[in-house]
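To start, the structure under review is shown below, and the notes come after it.
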Amino acid sequence: MNNPELQRAWQIIENTGTHLFLTGKAGTGKTTFLRNLKKESPKRTVIVAPTGIAAINAGGVTIHSFFQLPFAPFIPDTTFNTEQKHFRFSKEKINIIRSMDLLIIDEISMVRADLLDAIDSVLRRYRDRYKPFGGVQLLMIGDLQQLAPVVKETEWNMLNHYYDTSYFFGSLALKKTTYATIELKQVYRQNDPYFLSLLNKVRENKADEQTLAELNQRYIPNFHPAKEKGYIQLTTHNYQAQQINDHELSLIKEPVFSYKAEVTGIFPEYSYPTDETLMLKKGAQIMFVKNDPSPEKRYYNGMIGEITSIDEDGFTVHTKEKNEKIIVQPEEWTNSKYVLNEETKEITEEQEGVFKQYPVKLAWGITIHKSQGLTFEHAIIDARSAFAHGQAYVALSRCKTLEGVLSSPLSVNAIISDTIIDDYNQYIETHTPNEELLCAMQQTYFLNLVSELFDFSPIARSFNEQARLIDEHFYKLFPQLLAEYKKQIQIFTTEIVDVSYRFHKQYERLVTQSTDYNTNNNLQIRIIKGAAYFEQKLRPFHKLAEATNLPTDNKELRKKTNNTLEEFLNTLTQKLSLLQYVEDNGFHASDYLRKKAYILLSGTDNENSSGTTAHDRKERTPRERASRERKRIEVPNDILHPELYRKITEWRGTKAKETGMPTYVIIQQKALLGMVNLLPNDAESLEAVPYFGHKGVENYGLELLEIIRNYMKEQNLQRPEIRTVFVPRENKKNKEDTKKVSFRLFKEGMKVKEIAEFRELTTGTISNHLLHYVQTGDIKLQELVDQEKINYITAHLQKLPSLPQGVKEIKEKLGEYASYDEIRFVFEVYKKHIPT
């Protein structure tokens, strides 16, 4: 890495906890830096971006999906009154948030200030509520000279009472931090110095008549992209892209089919996500404009495909990326408005209208906004109608050279710059760290990590909460236990909290007075001795927590008691594990971070924990435990390696076509997730992946291991530590009929997939159970399959000259429109009611 700015950025991220805004012209290596960081950094990293396409390019997920945020303005010190599903975080998601060290936000120029504050709110909720962004380090990547955040006038009328600008640097949480900025200077995308100089003048709003004259030499009247290969046209407005697409469609000599949208209520035309009347043909190139809401996630917003078959009832799209054929169904969008209640300070969402249409649009032309982050060898640029900051620059900078074509001359009016950005650029220049400041930041980071190790305030808060609960609800039943807690609180204060304050002064002096604090022997000795002292002092409190048992018939109180006690015990256990690790190994920042993340995700350290929980106080021998429990590998729900996920998914699709079997028969989705997250690199570890097993290894082991090993080699990855959990075995003597168990769970409101996950069975098995009750009339068919699909499948069956032999034959005709289980439910009911 010969780039001094990139080197400094790397040092800030790797060796400090300081937030960083990494900026630079288009093509200066921001994306490459992100990918290298993701591959090589020891920090636990999450990558997010404001749009779906930006997230895909960055190898991450969207901000709204990861943080489960509604698409409403975030007003500081208010709550958002909407469906609670936005705020229900899974245990895996909470663990990821609590254990991550670094949050990378790509394309930060499009992130609004209130959205950054919404992220701050979520991170504080699940991490440290007293620190901005919960104590997570931020890496914000983007170019403010490119596309600006989108904010409607009605939304800004609410936000401008709190924010002086909608740009990310207006965030109230960010203003409470000290963050560094680095601007990358060296351009890699454009090798042509002359073209680069022209781009810089456009970027910096310094384009004069001579600059425009040079660029306009690439204006070629009557240029026909259809006659050339590899050209894509970039426009400023959607209607311009639509004209291009309509023209290309007219060149296809196939019948045209039209599909009219259903619009109800108030839904302004300018907000339509696609055409009100879609005009499509076989052979047309389309782009999906919505993520697939089904569990299969067959397509995403921005995916390109080609229509391979079409009639008045619908059409099928072939996607190059996944090499799949998709029967496209209409989807719904809602138009809502956000209202701020001045009394309650709540934002409520009111639905005003619904737009229902096929989620696609023609894709020979694309708007500049959707092209951000992409690079084209040859592009046709139409920026004469630029209306927003940075649009003209984004369009021009998508090209590597001046080989791009202008469809119309570029005027000075098309180059728009925001004065707020010009002012902020002065801030960037004054907050670029020099070598001295970088050393100070590294020292502060090391000191903060040591201070975190010897910070016992979270335990003190949890301890006090546990004592308060006993004092409030159990003082009559357990007076001696209450007296013991109060006594131990005093001991905790004098022997742990007070001592930790005095100890802080010792190691702070050793760190600040040493230039080699990473290898300072005296400092290491003091830290190791401190870890040993506090580890010994905490043990009695751990025993007290384990011995605490507070039975009650009050359901709500029992839940609160169990949660409080479990939090107290977990906080203690995690701290004890970290202290013992440092006592045995010394304190080294990167190793400490890895160990902390492992302990947080495990809930305990396998080597150091006592093996008990707040609900299970008695020690068991391995033989006793094995007789009552079975071991299961725990797999995170989030996709930790998206590129590997894509490769195995593609392999599975190819294998399914070769064998004629459904993809889930080749590998179940849960098994695929296990491979991606656990990285099994030998037959034994592959066989241990849940829902795969010995037979899967026999059939596909060699091919899958080759894919996984190659990926691990390319990314320089090691197999992660595997966590196993023990699940109680069912008592076979009194075991409830397995079909009845599934039926009971279904009647309690669980879906087929949820029941399968809960019982660790396949969805096919659960469907068999429920089919029995469909045939007995205890479950209505409409409870399992949408009425629209029932009608469609039944209509297809009625058209057939004879009854099919099985579901596979029907599935081949219907494609992705319905699942095997849905078809089977309808088929079995249909057979039962047809005349014989």
Side-chain angles (χ1 to χ4, degrees), residues 254-264 274 277-282 284 286 288 290 292-296 298-299 305 307-319 324-332 354-360 656 660-664 746 751-753 763-764 767-768 770-836:
E254 293 283 346
V256 64
F257 293 88
S258 65
Y259 307 93
K260 178 79 172 177
E262 297 177 18
V263 184
T264 56
T274 186
T277 301
L278 276 171
M279 308 293 287
L280 303 174
K281 295 179 181 180
K282 180 181 179 181
I286 60 91
F288 286 96
K290 187 180 179 70
D292 183 5
S294 74
E296 288 80 10
R298 300 161 300 166
Y299 54 82
I307 296 177
T308 54
S309 63
I310 186 170
D311 58 29
E312 62 275 3
D313 296 324
F315 53 90
T316 301
V317 170
H318 176 261
T319 63
E324 292 179 352
K325 287 187 177 180
I326 299 170
I327 298 177
V328 185
Q329 298 297 320
E331 297 291 346
E332 288 187 353
V354 175
F355 180 92
K356 186 176 182 180
Q357 176 62 289
Y358 289 95
V360 303
M661 293 188 292
T663 54
Y664 71 80
F746 179 78
K751 305 293 185 185
V752 172
K753 186 177 179 182
T763 55
S767 295
N768 282 337
L770 299 184
L771 180 59
H772 169 79
Y773 293 98
V774 172
Q775 293 169 334
T776 62
D778 293 303
I779 295 178
K780 294 181 179 179
L781 179 59
Q782 288 79 1
E783 295 181 72
L784 290 162
V785 186
D786 292 340
Q787 186 63 52
E788 183 178 341
K789 288 189 177 181
I790 295 173
N791 296 341
Y792 189 92
I793 297 168
T794 303
H796 172 74
L797 292 171
Q798 291 172 343
K799 293 177 183 177
L800 299 177
S802 60
L803 202 63
Q805 294 297 313
V807 174
K808 184 178 178 181
E809 183 179 341
I810 308 171
K811 176 67 174 171
E812 288 175 351
K813 294 292 184 182
L814 297 182
E816 296 295 327
Y817 175 71
S819 68
Y820 272 88
D821 289 333
E822 289 173 328
I823 295 172
R824 187 178 177 204
F825 285 135
V826 177
F827 184 48
E828 293 297 330
V829 172
Y830 179 82
K831 285 195 301 183
K832 187 176 180 180
H833 291 91
I834 59 173
T836 56

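One is the number of the first residue; the rest follow in order along the sequence. Side chains included, hydrogens not; waters and symmetry mates left out as well; all remaining heavy atoms used.
Expressed to the nearest 0.5 Å, how far NZ of K789 lies from CG of L781 amounts to 12.5 Å. Atom CZ in F288 sits 7.0 Å away from atom OG1 in T319 (nearest 0.5 Å). The line from CZ of F257 to CE of M279 is 11.0 Å long, rounded to the nearest 0.5 Å. Put simply, CG on L280 and CD1 on I307 are 4.0 Å apart, with the number rounded to the nearest 0.5 Å.
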V774 vs E828, side-chain contact (heavy atoms from CB on, under 4.5 Å): CA-CA, chis, key distance, verdict: CA-CA 9 Å; V774 172; E828 293 297 330; over 6 Å; no
Report the C-alpha separation of L800 and H796 in whole Å, then their side-chain angles, then the decisive distance to 0.1 Å, and conclude whether the side-chain contact (heavy atoms from CB on, under 4.5 Å) test is met. CA-CA 7 Å; L800 299 177; H796 172 74; 4.1 Å; yes
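In the model, T776 has a side-chain atom that pairs as donor or acceptor with a side-chain atom of D778 under 3.5 Å.
Checked by atom type and distance alone, the side chain of D311 pairs as donor or acceptor with a backbone atom of D313 at under 3.5 Å. A donor-acceptor pair is defined here as one N or O able to donate and one able to accept, closer than 3.5 Å; no such pair exists between the side chain of E262 and the backbone of E332. Judged by distance alone, the side chain of T274 and the main-chain N or O of V360 form a donor-acceptor pair under 3.5 Å.
I790 and V785 make their closest contact through CD1-O, 3.4 Å (heavy atoms, listed as atom of the first residue, atom of the second, distance). The two atoms that bring A818 and I793 nearest to each other are CB-CD1, 3.9 Å, heavy atoms only. In terms of heavy atoms, P359 sits closest to Y299 at CG-OH, 3.7 Å. Listed here is the closest heavy atom pair of H318 and T308: CB-CG2, 3.5 Å.
Outside the 6.0 Å centre-distance limit, the rings of Y773 and F746 are not counted as a close aromatic pair.
For Y792, the ring-ring contact (aromatic ring centres under 6.0 Å, His included) partners two or more places apart in sequence, or in a different chain, are Y817.
A heavy-atom distance below 4.5 Å is found between the side chains of Q787 and N791.
Comment: K290 does not engage E331 in a salt bridge, judged by the lack of any side-chain N to carboxylate O separation of less than 4.0 angstrom.
In this structure, F315 and Y358 have tilted ring planes: the angle between them lies in the 30° to 60° band.
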